[in-house]
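Report on the following structure.
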Amino acid sequence: MANAFSTLIAEMHRRKVFRVIAAYAVVAFVLLQVGEITFDPLQLPEWSLRALIFVVVLAFPLVVVLAWVLELTPDGIKREQPRQGSRYAGVLMVVGVLLLDGALALYLYQFYAPGVMRDTGSLPATVASRTAGAAGPLSAAPTYLTPSPDALALLPFEDLSPEGDQAYFAAGVSEELADALTKVDGLRVVSGRAARSFAVQNRTPREIGGLLGVGWLLNGSVRKAGDTLRVRVALSSTEDGFDKWSETFEGTLDNTLAIQDEIAEEVVQQVLGSTDTMTEVEGERSQIASFDAWDEYLGARADWEKRTPESLDSAEQKFKATIEKDPNYAEAYSGLADTYLLQASYGNRTIVEAVGLAAQNADVALRLNGQLASAYATLGLLNRMLGRYPQAESHLKRALRLDPENIDAANWLAGLLGSLGRLEEERLVLQEALEYNQFDELLNMAMADNELRRGEFDAGMERLNNLRSIYPDRSLLLRTLARWDVIIGRHARAHGSLMQALSLSPNEPVTQTMLGHLYLRWGDLQRAEAAISRARELAPDNQEVEDAWARLLLAAGRFDELETFSQGRLERLTLQEQGSTSDTLQPLMWQGVVALGRGQSDLAFTRFQSVVERVDILLPFQSIQVLSWSAAAGLAGEARDTALTQLDQANRLLERLRVQGNSSPELNYLEAVLLTLGGRVEPALALLEETMANGFTSANEISSDPRLAALRASPRFDALLKSISDQSRTDLASVMTQLAAIDSAGPGQRP
């Protein structure tokens, strides 16, 4: 065997096989890099990269065999003349090549895998071992792990500065320290939002150790006064809670990085007993031109995470200040891009404007740092807003490959998968992300949303209520609770949550909008108009706010105003940028609804077609809505055949969502609409009755929805409307005390 192996090596050298393998590796690497960089911008199908990988793997053994069999000579390509003993060497070569090709295929699959945790078998063992359908880490009986002696949780540092206004800086110091520690081989570090959540829970060290599986806690304090910095750190055991080591480090602000390195070295020495595994790694912070730039950046990120209109405006200015002080800091451009995108959701920017500004800054970030995970996450969110869902998924998955603990990338990827109806894939992505950050607010809200859309109402609401006990003063969480309380019929509690959210953030346009929607459900048009008008004052360019105003005009039968409003909005958006986004399609939808409401079925159908033509950029639920409206207009007019085709298309989309596990009351209502349009009156009524019994009650909506016109002759429909109206009056009466108290408190507290 040894002789055969020696013969194999000699023959491979003689036949120049090793040279061919080396050349092939270089060419394959270049091809894959070019493919990964260019396929998304060229808008090639998602399977294109997989096809390239398949070709690279399949071609490898063929290239090696050809190099073994053929020889390139001055007279052309000739067959190699075998030597004695080379037959056995050839057999060994074939076996070796197949094994090597299998290893290559496995490596490329793991690195360029098109799916992120598509099935439980691909999850880490610690995740796969947990019950897939459980409520998760926030359930009444959380999973406790065996604390590892080589793992620590870095808790948020306390701000001891004289003015008490440096909490963001203290958090930044601890996060940079965590970043340095995560680069140490043999040491597992838990930090970020997962660790920060314990600051508000008063859990014991033993509890934290069991929940996170860590043997050590690292906490400390930061005092910044003038140009001096003092950092005190303490390392304690989760077994008994006693400090093993503590020390105070002092220096100048410009020397912050050196202080962090000194702390990191001492921590590693205490935990691992040696610093041999530490390497010199320059983090992103070390590349910033000045301390002032870093300080601005930390403040910007702290504001960005609050996700309120005021905080996002502040974050925008601070990111710009960071860039002015250091034009080469890639993270600042990525952060500014993220800010623009969130302003479209929580602030006062149109989607068209937001994605244009974000794209410019994300491009700069990647030119400065081509491996920046946060920039790829930004591109993912940006492409989702543009309706380019395969590209969005590809960018978000690349962000997670570069940084598996990037919470925003995981949250946005999960949200994308969920909005596409792929609930099981969304759940698996969230499960893995929660393994890193099991108490994270946004991830748990997303998981609750997933559970509720799958019909697991008890698990989803339990998760949200437990979150509320941990984070009692988060307006985003309160809005999420209110949204689902409305869907499942707990309207009075939803109203209370929205009023509490407004008390925390009075100038929050999205909360005002949700309050307006709630009043619309109750048929209280006066209060609805007051709330939505206030939201328009705060954020006239926000799509959600503008859609709420359109719904109000429709509910009030103010068709002339709705048509003027939708036309004006469409003109403003068209001036910003040519092309379609969900932002530009919505006004076209309202124009069709106006025509249908006036009985102009053919005109409505024509208007809806301009939206149906771009249904590819809409999410499945939105697509069903568009197709159902268009079908309703076509059936009432002269386009019956096309309408039936669109109705069939909508039914196929709905069935696909059902197969993927979607079971929300909103989807049930939409299915009742499709049944009605298809002439199946009795099943539609039965489904409406079931849906309304489960809490989806909006007398105003179902009484004015022209798609349900075929039901209005049925006594069952009248009885259903009466039941919902009675319930609405009861709900409204139950909150009168709250409303009276707010009205008496003065104009500043009114919704």
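Counting only heavy atoms from C-beta outward, the side chains of Leu312 and Thr308 never approach each other to under 4.5 Å. With contacts defined as side-chain heavy-atom distances shorter than 4.5 Å, the pair Leu372/Ser334 qualifies. Taking the side chain as every heavy atom from C-beta outward, Lys397 and Leu413 approach each other to under 4.5 Å. Using a 4.5 Å cut-off on side-chain heavy atoms (C-beta onward), Leu217 and Pro205 make contact. The closest side-chain heavy-atom distance from Leu368 to Asn328 is below 4.5 Å. The closest side-chain heavy-atom distance from Tyr297 to Lys318 is not below 4.5 Å. Taking 4.5 Å as the limit, every side-chain heavy atom of Leu155 sits out of range of all side-chain heavy atoms of Leu218. Between Leu381 and Leu416, every side-chain heavy-atom pair lies at or beyond the 4.5 Å cut-off.
Interatomic distance, CD of Glu324 versus CD of Glu296, reported as 9.5 Å (0.5 Å rounding). Atom CD1 of Ile407 sits about 11.0 Å away from atom CG of Leu400, to the nearest 0.5 Å. Separating the CH2 atom in Trp412 from the CG atom in Leu442 is a distance of 10.0 Å, to the nearest 0.5 Å. How far CZ of Arg232 is from OG of Ser221: 6.5 Å, rounded to the nearest 0.5 Å. Rounded to the nearest 0.5 angstrom, Leu342 CG and Glu305 CD are separated by 10.5 Å. Taking OG from Ser345 and CE from Met385, the interatomic distance works out to 4.0 Å, rounded to the nearest 0.5 Å.
Salt bridge annotation for Arg493-Asp485: present, with a cationic side-chain nitrogen under 4.0 angstrom from a carboxylate oxygen. In summary, Glu158 and Arg223 do not engage in a salt bridge, as defined by a charged side-chain N under 4.0 Å from a carboxylate O. The residues Asp240 and Arg206 are annotated as not salt-bridged, no charged nitrogen and carboxylate oxygen being separated by less than 4.0 angstrom. The existence of a salt bridge linking Arg454 and Glu426 is excluded, since no basic side-chain nitrogen approaches an acidic carboxylate oxygen closer than 4.0 Å. Ionic pairing of Arg474 and Glu441 is present here: one or more N-O contacts between side-chain nitrogen and carboxylate oxygen are shorter than 4.0 angstrom.
For the 3.5 Å distance criterion, the side chains of Ser374 and Glu331 qualify, holding a donor opposite an acceptor. Between Asp303 and Ser314, the side chains place a donor N or O and an acceptor N or O closer than 3.5 Å (distance only, hydrogens not considered). Ser475 and Arg307 share no side-chain donor-acceptor pair at under 3.5 Å.
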Given salt bridge (charged side-chain N to carboxylate O under 4.0 Å, His left out), test Asp338 with Arg301 step by step and report yes or no. CA-CA 10 Å; Asp338 289 344; Arg301 272 298 178 191; 3.4 Å; yes
Could you go through the side chain to side chain contact (heavy atoms under 4.5 Å, CB included) check for Glu316 and Tyr340 one step at a time? CA-CA 8 Å; Glu316 179 186 350; Tyr340 289 135; 3.6 Å; yes
Let's go through Asn219 and Leu154 carefully: what are the C-alpha distance in whole Å and the side-chain angles of both, what is the deciding distance for side chain to side chain contact (heavy atoms under 4.5 Å, CB included) to 0.1 Å, and is it a yes or a no? CA-CA 6 Å; Asn219 53 42; Leu154 201 156; over 6 Å; no
Apply side chain to side chain contact (heavy atoms under 4.5 Å, CB included) to the pair Leu366 and Tyr333, showing each step before the final yes or no. CA-CA 9 Å; Leu366 285 173; Tyr333 291 97; over 6 Å; no
Could you go through Glu456 and Met461, starting from their C-alpha distance and side-chain angles, then the distance that decides it, and tell me whether this counts as side chain to side chain contact (heavy atoms under 4.5 Å, CB included)? CA-CA 9 Å; Glu456 300 174 4; Met461 293 308 295; over 6 Å; no
Could you please spell out the steps behind the salt bridge (charged side-chain N to carboxylate O under 4.0 Å, His left out) verdict for Arg422 and Glu393? CA-CA 12 Å; Arg422 293 154 58 182; Glu393 184 175 350; 2.9 Å; yes
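In this structure, Gly460 and Glu451 approach most closely via the heavy-atom pair CA-OE1, 3.4 Å. Shortest non-hydrogen contact noted between Ser497 and Ala482 is CB-CB, 4.1 Å. Closest approach of Thr378 and Ala337 over heavy atoms only: CG2-CB, 3.5 Å. In terms of heavy-atom proximity, Val510 sits nearest to Tyr346 at CG2-CA, 4.3 Å. Residues Ala399 and Ala377 come closest through the heavy atom pair CB-N, 3.7 Å. Nearest heavy-atom pair, Val214 versus Thr238, reported as atom, atom and distance to 0.1 Å: O-OG1, 2.9 Å.
Arg453 places a side-chain N or O within 3.5 Å of a backbone atom of Gly418 that can act as its donor or acceptor partner. Looking at Ser505, its side chain never comes within 3.5 Å of a backbone N or O of Leu502 through a donor-acceptor pair. Without hydrogens or angle criteria, Thr480 side chain to Leu476 main chain gives a donor-acceptor distance under 3.5 Å. Under the 3.5 Å distance criterion, the side-chain polar atoms of Asp449 are left unmatched by any main-chain donor or acceptor of Met445. Proximity of a side-chain donor or acceptor of Asp326 to a complementary backbone N or O of Thr322 within less than 3.5 Å is not detected. Within the 3.5 Å criterion, the main-chain N or O of Leu379 finds a donor-acceptor partner in the side chain of Asn383. Judged by distance alone, the side chain of Asp243 and the main-chain N or O of Ser246 form no donor-acceptor pair under 3.5 Å. Using modelled atom types, one side-chain atom of Asn361 and one backbone atom of Leu357 make a donor-acceptor pair closer than 3.5 Å. No side-chain donor-acceptor contact under 3.5 Å links Trp216 to the backbone of Leu235. The main-chain N or O of Gln391 is never found under 3.5 Å from a side-chain atom of Ser394 such that the two would form a donor-acceptor pair.
Heavy atoms from other residues, nucleotides or ligands lying under 6.0 Å from CZ of Arg483 number more than 12.
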